[in-house]
Amino acid sequence: DGKLGEAELTGGTFSLSNIGTIGGTSMAPVIMVPQVAIGAIGKIQKLQRSHDGGASFQTTSVMNVAWSGDHRLIDGATMARFSNVWKGYLEEPMKMMAHLK
């Protein structure tokens, strides 16, 4: 019937909430026990950004991402490194494909 049951929704260690599908742009995700971390991704927005100190602007695709982690198990530096790797994969999907086995 295309629906997830309780068994598929329990026992996870990480959640990803896609608020972008309903037009959301940002949020502060809250970890649900017993999970270790949660991420929230917003919708992709076309925004004007300067890449040269304000001399000129160009339209850039921007997607806000927020992470929360249980600091008893994972520290902020690890979350930041993960976020940077993930950002790189989104910007250059072929790099991600190269790391798949």
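Every heavy atom of this structure was used, including side-chain atoms; hydrogens, water molecules and symmetry mates were not.
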If every non-hydrogen atom of Ser17 is compared with every non-hydrogen atom of Met27, which pair is closest and at what distance?
OG-SD, 4.3 Å
For the student: nearest non-hydrogen atoms of Ser56 and Ser50, plus distance:
O-OG, 3.2 Å
For the hydrophobic clusters of this structure (ILVMFWY residues joined by side-chain heavy atoms under 4.5 Å, transitively), does one cluster hold both Ile31 and Ile19?
no
Using side-chain contact (heavy atoms from CB on, under 4.5 Å), reason through Met79 and Ile74 one step at a time and then give a plain yes or no.
CA-CA 7 Å; Met79 296 288 290; Ile74 190 167; 3.5 Å; yes
Can you name the nearest heavy-atom pair linking Ala40 to Leu16, along with the distance?
N-CD1, 4.4 Å
Report whether Val33 and Ile38 are members of the same hydrophobic cluster (ILVMFWY, side-chain heavy atoms less than 4.5 Å apart, transitive linking).
no
Classify the ring geometry of Tyr89 against His99: parallel below 30°, tilted from 30° to 60°, perpendicular beyond 60°.
tilted
What's the spacing between Thr13 OG1 and Asp70 CG if we round to 0.5 Å?
11.5 Å
Tell me, yes or no, whether the heavy-atom count around Leu47 atom CG, taken from other residues, nucleotides or ligands under 6.0 Å, exceeds 12.
yes
Would Arg81 and Thr78 satisfy side-chain contact (heavy atoms from CB on, under 4.5 Å), going step by step from the backbone distance to the final call?
CA-CA 5 Å; Arg81 284 189 296 272; Thr78 300; 3.3 Å; yes
Only one of Lys95, Met63, Met96 passes side-chain contact (heavy atoms from CB on, under 4.5 Å) with Leu90; say which it is.
Met63
Residue pair Trp67 / Ser83: nearest heavy atoms and the distance that separates them:
NE1-OG, 3.0 Å
Residues Lys46 and Thr60: side-chain donor-acceptor under 3.5 angstrom:
no
With the 4.5 Å side-chain cut-off for hydrophobic clustering, are Ile44 and Ile41 part of the same group?
yes
Distance-minimising heavy-atom pair for Gln48 and Phe57
OE1-CB, 3.6 Å
Least distance between heavy atoms, Gly76 atom then His71 atom:
N-CE1, 3.6 Å
Would the distance check show the side chain of Glu8 and the main-chain N or O of Gly5 forming a donor-acceptor pair, the cut-off being under 3.5 Å?
yes
Is Val85 linked to Phe14 within one hydrophobic cluster, defined over Ile, Leu, Val, Met, Phe, Trp and Tyr using a side-chain heavy-atom separation of less than 4.5 Å?
no
